[in-house]
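For reference, the structure discussed in these notes is given below.
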Amino acid sequence: MKYDFTTVEPKWQKAWEENDAFKAVDFSEKPKWYGLVEFPYPSGAGMHVGHIKAYSSIEVISRKKRMQGYNVLFPIGFDSFGLPAENYAIKTNTHPHDITEKNIAHFSDQLRKVGFSFDWSRVIATSHKDYYKWTQWIFEKLFEHGLVFRSKTLVNYCPHCKVVLSNEDSQGGKCDICHSEVVQLPKDVWFLRITDYADKLLDGLNHVDYPDSIKQQEIAWIGKSTGAFVNFRLAGTDEKLEIYTTRCDTLYGVTFMVVAPEHPVLDKYKDRIRNWDAVEQYRKESAKKTEFERTQLVKDKTGVKIDGLMAVNPITGKEIPLFIADYVMMGYGTGAIMAVPAHDQRDYDFAKKFGMDIVQVIKGGDISKEAYTGDGEMINSGFLNGYTNKKDSIKAMLKHIEKEGIGHKGVQYKMKDWAFNRQRYWGEPIPLIHCPKCGTVTVPEEELPLELPPVKNFEPGTDGQSPLAKIDSFVNCTCPKCGGPAKRETDTMPQWAGSSWYFLRFCDPHNDKAFADRKKLEYWMPVDQYNGGMEHVTRHLLYSRFWHRFLYDIGEVNTPEPYAKRTYQGMILGADGEKMSKSKGNVIDPLDIVKLYGADTLRTYVMFMGDYQSAAPWSDEAVRGCKRFLDRVAGLTDIMTAEKEDPKLENSLHKTIRKVTEDIDNMKFNTAIAAMMSLINEFYKAGSITKDDLITFIKLLSPFAPHITEEIWQYIGMNPDGKTFITLSSWPEYSEEKAKDSVIELGVQVNGKVRGTVQLAADVSKEDALAAAKAEPNVSKFLEGATIVKEVYVPGRIINFVIRK
RNA sequence: GCUGGUGUGGCGGAAUAGGUAGACGCAAGGGACUUAAAAUCCCUCGGUGCUUACACACCGUGUCGGUUCGAGUCCGACCACCAGCACCA
């Protein structure tokens with residue numbers, strides 16, 4: 001059969017859609033399977049080959065699951081709020097809404113052209129008001145449950161995008177959107193109390209099937225540590241300076257204290273500080289440093305000793321000096337530390353530079369050279385002397401300080417609360433109202449969605465004010481509680497809000513009474529497999545698990561974790577091995593490949609190019625190799641002439657069914673395709689195959705290359721009415737019996753070196769196998785005149801003669 | 001520095017639980033078909049040696065050691081690269 005993909009592919013795409021081939025059925029009797037891919041941000045650039053790879057895994061598995069009799073939900077939508085559209089709109093003097101709708105249409109068209117089996121009746125977009133109504137509704141629930149709070153603290157701020165960023169959005173000190181340096185500014189910001197969920201987010205990882213790399217990264221990001229809070233008194237005052245430590249058992253070794261430059265205690269005791277000028281100067285300098293600079297100079301410690309203020313070591317009663325230094329961060333712990341130079345390298349470096357005492361309290365190491373951070377016997381530590389186990393000494397000290405009232409056990413997280421408001425236009429308006437009488441109140445549920453006003457000028461204010469603040473008709477409102485005049489919150493939600501619950505909406509996308517019907521949620525959730533990028537592990541994945549867990553806690557959803565299984569894909573690099581980027585000119589447009597070779601070729605290549613989880617460079621030649629393979633598949637109809645099944649081919653066929661079935665389940669798509677390539681080589685070598693051979697083969701291939709297999713299926717008369725699709729037929733079953741080899745080839749080693757091979761019946765006896773091996777000419781050559789010390793026979797694997805001459 | 005991962009031909013990569021290293025594909029070389037090219041088909045394809053040839057021998061999975069009849073796979077030490085975190089007290 002000759003086939004022309006330019007006509008065949010659109011033909012089947014249309015036929016599938018017209019016949020609702022991929023429609024997920026609520027409450028079907030069949031077992032459900034919910035496969036999810038990260039819905040795209042509809043950028044102006046259109047789809048990237050990375051999207052194709054990311055979606056193809058769940059696509060292939062979904063198509064196979066349908067054939068295996070599952071009721072599959074494989075939805076798609078658009079994460080359509082966000083800064084790039086807004087920035088682009090400003091640049092081109094258009095409106096983000098129009099641009100977004102245009103991009104969504106473009107993306108939808110591209111996705112269809114690749115032949116993905118999405119259920120298009122469930123498509124959603126986070127910027128549509130029937131969707132963001134429920135994003136706002138969930139936010140109000142969070143507010144009602146005390147998980148939203150306002151606080152003026154140092155936050156990450158991107159001067160280029162003119163927005164406050166969360167910690168997750170400024171990893172590595174860079175803005176997640178524009179990659180420029182983030183600065184720390186004191187701002188009044190809305191936070192979501194994600195840290196309240198830190199333990200639940202950690203525990204949830206024990207109940208899901210995620211790769212270790214993902215679990216570890218989330219655990220590290222949450223960064224839980226257990227320790228103690230201890231109060232140090234300022235000498236001559238009642239002021240208590242609280243510190244956090246994981247090693248309270250080293251209290252006897254504390255010889256000075258350090259507070260972060262921003263620590264408020266300094267201002268409070270300004271009058272007593274004799275070198276205030278120096279302190280202020282140091283503060284200014286450290287404020288100027290970027291986060292990057294502040295964390296780079298690890299060795300060279302800077303700081304200023306505070307003249308006029310001393311602290312008191314609560315356990316020894318000794319007065320100790322107090323410093324400010326920027327190696328102590330305001331954002332972790334209490335912004336103040338007890339310094340134990342003998343057992344902490346940073347404190348050690350600092351003590352050496354400023355001539356502080358170094359008191360060893362744990363035996364071991366050489367503290368004349370460096371801090372000793374290992375374990376050992378406690379010394380110079382009063383009642384702790386003689387303890388040799390870290391756990392025990394910490395426990396004993398904790399008991400002591402709790403009894404004395406100078407401290408208590410505590411937990412700290414590296415993760416910070418989620419800075420949630422953005423001073424930009426193209427996002428969900430935060431549904432809060434500021435009333436001078438009632439305080440902050442939520443917009444009543446019946447008034448949701450709080451619609452984004454359609455304005456012309458949405459440029460961000462230079463003073464960090466949201467564009468919405470300029471619209472009086474939006475800002476001024478009446479308080480829903482007292483009816484008095486009030487003002488609306490003018491900031492919008494961050495990029496990640498809408499994506500934090502979209503998988504729930506797919507279960508019931510058109511519901512206008514609830515974010516989703518409870519019964520439908522119970523039917524579809526949890527997501528059985530969710531594929532996405534590694535870059536979202538400490539952003540979207542964490543945020544969405546948090547929202548979902550909250551909804552579970554308030555009884556709105558039926559599972560504590562949203563995703564039963566998470567997988568990820570490796571990046572597609574440019575042909576030069578570099579990350580694809582416009583500036584390098586190595587970007588591949590997936591639609592160019594579709595035009596040139598067809599969607600099936602693109603899909604097959606993307607799955608064949610290498611291990612799914614690994615990064616691999618693009619190769620135009622290798623793409624053509626996949627096209628060649630598919631052309632050979634089309635040619636199979638010409639050799640479909642055999643009447644009787646060849647037992648050897650049948651054996652290979654059943655082995656291939658087993659291999660492809662297992663490989664798809666294990667995401668080993670490259671070897672699944674390789675197995676089919678091997679089989680087709682065998683087919684052509686055999687010269688003729690039966691119709692059943694062909695049917696089985698194209699069924700196996702159909703999840704990868706659905707169009708060509710659909711065309712062959714019809715060509716050989718399997719689709720007389722035009723809607724009996726191969727993609728909805730049954731997945732081939734293999735028989736272990738038929739997949740078994742009757743003759744096996746075994747390697748024969750002499751002293752561990754392969755010297756020959758023997759052909760043996762699969763059920764050969766040990767004696768016969770060894771005899772045949774000894775008779776193999778090249779083996780017998782080595783055995784001549786030697787004593788066989790040992791005969792190793794592993795059935796089906798190897799024969800090894802250990803000899804001595 | 002810490003955490004996780006990777007290291008195999010010219011290239012992308014195969015190799016359940018230790019058992020014939022290099023499947024499959026690409027590139028390359030040779031040949032067939034063709035006026036020619038493209039396409040297609042057939043053959044060769046880790047290195048070295050030896051051979052008319054079939055064969056065969058030695059070396060070979062980042063480096064050095066170890067365990068084992070047998071190591072790409074397990075253990076120990078190291079090196080390189082990738083990703084994430086990073087003065088986290």
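This structure is a prediction, so every number in the text was calculated from the model and none was measured. Just so we're on the same page: letters track the sequence lines, and every chain starts at 1.
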- Message: If you assign each of A:Tyr612 and A:Asp344 to its closest nucleotide in RNA chain B, which residue comes earlier from the 5' end?
- Response: A:Tyr612

- Message: Whole angstroms only, please: what is the CD-C1' distance between A:Glu242 and B:A89?
- Response: 14 Å

- Message: Can you see if the side chain of A:Arg624 gets near the phosphate of B:G25 - specifically, an N or O under 4.0 Å from OP1 or OP2?
- Response: no

- Message: Using side chain to side chain contact (heavy atoms under 4.5 Å, CB included), reason through A:Phe704 and A:Phe669 one step at a time and then give a plain yes or no.
- Response: CA-CA 9 Å; A:Phe704 297 91; A:Phe669 307 109; 4.0 Å; yes

- For nucleotides 45-58 of chain B, 5' to 3', base contacts (B), sugar-phosphate-only contacts (S) and non-contacts (-) with protein non-hydrogen atoms under 4.0 Å give -----------SSS

- Measure the distance from NZ on A:Lys353 to P on B:C87 and round it to the nearest whole Å. 18 Å

- Message: What's the closest nucleotide to the side chain of A:Thr671 if the choices are B:C87, B:C24, B:A23?
- Response: B:A23

- Take atom P in B:A80 and the same atom in B:U67, then report the distance between them in whole Å. 28 Å

- Query: Counting N and O atoms only, with roles assigned by atom type, does the side chain of A:His343 sit under 3.5 Å from a partner on the main chain of A:Tyr372, one being a donor and the other an acceptor?
  - Reply: yes

- Starting at the 5' end of RNA chain B and moving along, which residue's nearest nucleotide shows up first, A:Glu621 or A:Leu746? A:Leu746

- Provide the distance between the two C1' atoms, one in B:G62 and one in B:U8, to the nearest whole Å. 10 Å

- Item | Check: A:Glu662 side chain, B:U16 base, donor-acceptor under 3.5 Å | no

- Message: Using the P atom as the point on both nucleotides, what is the distance between B:G18 and B:A89, in whole Å?
- Response: 39 Å

- Do A:Tyr244 and A:Val230 come close enough that some side-chain heavy atom pair is under 4.5 Å? no

- Message: In this structure, how many angstroms lie between the P atom of B:A15 and the CG atom of A:Asp611, rounded?
- Response: 9 Å

- Between OH on residue A:Tyr793 and CZ on residue A:Phe801, distance to nearest 0.5 Å: 11.0 Å

- Note on the structure: The nucleotide from B:G25, B:G12, B:A23 with an atom nearest the side chain of A:Met677 is B:G25

- What is the nucleic acid contact for A:Gln749, judged by heavy atoms within less than 4.0 Å: base, sugar-phosphate only, or nothing? base

- Message: Once you apply a heavy-atom cut-off of 4.0 Å, does A:Lys668 come out as touching a base, just sugar-phosphate, or nothing?
- Response: sugar-phosphate

- What is the distance, rounded to the nearest whole Å, between atom CD1 of A:Ile680 and atom P of B:A23? 19 Å

- Query: Does a side-chain N or O from A:Arg628 land closer than 4.0 Å to OP1 or OP2 of B:G25, or not?
  - Reply: no

- Query: Would a 4.5 Å heavy-atom cut-off, applied to side chains only, mark A:Val623 and A:Tyr597 as touching?
  - Reply: yes

- Message: I need the CG-P distance between A:Asp249 and B:A89, as an integer number of Å.
- Response: 14 Å

- Task: Could you check which of B:A23, B:G12, B:G70 has an atom nearest any side-chain atom of A:Asn800?
- Result: B:G70

- Could you measure between the two P atoms, the one in B:C11 and the one in B:U63, and give it in whole Å? 15 Å

- Query: After noting the C-alpha distance and the side-chain angles of A:Lys774 and A:Glu784, does the key distance pass the salt bridge (Lys or Arg N to Asp or Glu O under 4.0 Å) rule?
  - Reply: CA-CA 10 Å; A:Lys774 281 174 194 167; A:Glu784 224 172 63; over 6 Å; no

- Could you tell me whether B:G18 is syn or anti, where syn means a glycosidic angle within 90 degrees of zero? anti

- Item | Pairing partner (Watson-Crick or G-U wobble, both distances under 3.5 angstrom) of B:C85 | B:G1

- Message: For the P atoms, the ones on B:C88 and on B:A14, what distance do you get once it is rounded to whole angstrom?
- Response: 38 Å

- Message: If I take atom CD in residue A:Gln171 and atom P in nucleotide B:C85, what distance separates them, rounded to the nearest angstrom?
- Response: 4 Å

- Task: Identify whether any heavy atom of A:Arg804 sits under 4.0 Å from a base atom; if not, whether one sits that close to sugar-phosphate; answer base, sugar-phosphate or nothing.
- Result: nothing

- Using side-chain hydrogen bond (donor to acceptor under 3.5 Å, both in side chains) as the criterion, point out the one residue from A:Asn666, A:Asp663, A:Asp611 that pairs with A:Thr671. A:Asp663

- Message: Could you tell me how far B:U20 sits from B:A37 if I compare only their P atoms? Round to whole Å.
- Response: 44 Å

- Item | Identified pairing partner of B:A80, criterion: Watson-Crick or G-U wobble below 3.5 Å | B:U6

- Message: Regarding A:Thr757, tell me which of base, sugar-phosphate or nothing describes its non-hydrogen contacts under 4.0 Å with the strands shown.
- Response: base

- Kindly say whether A:Met1 contributes a backbone atom to a donor-acceptor pair with the side chain of A:Asp638 at under 3.5 angstrom? yes

- Item | Complementary nucleotide of B:A21, counting Watson-Crick and G-U pairs under 3.5 Å | none

- Among A:Thr757, A:Ile799, A:Val794, whose side-chain contact (heavy atoms from CB on, under 4.5 Å) with A:Leu746 holds? A:Ile799

- Message: If the cut-off is 4.0 Å, is A:Asn670 near the phosphate of B:C24, judged by side-chain N/O to OP1 or OP2?
- Response: no

- Tightest non-hydrogen contact, residues A:Asp375 and A:Ile362, listed as C-CG2, 3.9 Å

- Task: Determine: side-chain N/O of A:Arg797 to OP1/OP2 of B:A17, distance under 4.0 Å, yes or no.
- Result: no

- Task: Check whether any side-chain N or O of A:Asn681 sits under 4.0 Å from OP1 or OP2 of B:G25, and answer yes or no.
- Result: yes

- Message: Expressed as a whole number of angstroms, how long is the span from A:Leu573:CG to B:C81:P?
- Response: 18 Å

- Scanning all shown strands, the Watson-Crick or wobble mate of B:G70 with both distances under 3.5 Å is none

- Item | Below 4.0 Å: OP1/OP2 of B:G84 and any side-chain N or O of A:Gln216 | no

- Query: So does A:Tyr332 get a side-chain nitrogen or oxygen closer than 4.0 Å to the phosphate oxygens (OP1/OP2) of B:A89?
  - Reply: yes

- Query: Given the P atoms of B:G22 and B:C45, what is the spacing between them in whole Å?
  - Reply: 12 Å

- Check for a donor-acceptor pair, side chain of A:Thr245 on one end and backbone N or O of A:Arg247 on the other, with a separation under 3.5 Å. yes

- Distance between C1' atoms of B:A57 and B:G4 (Å, rounded): 44 Å

- Partner nucleotide, any strand, of B:A28 [Watson-Crick/G-U, under 3.5 Å]: B:U44

- Whole-Å distance between B:U73 P and A:Ile798 CD1? 16 Å

- When we call it a touch if two heavy atoms are under 4.0 Å apart, what does A:Ala675 touch: a base, just sugar-phosphate, or nothing? nothing

- Can you check whether any acceptor in the base of B:C87 is under 3.5 Å from a donor in the side chain of A:Lys301, or vice versa? yes

- Query: Hey, does A:Gly625 reach any base, or is it just sugar-phosphate, or nothing, if we go heavy atoms under 4.0 Å?
  - Reply: sugar-phosphate

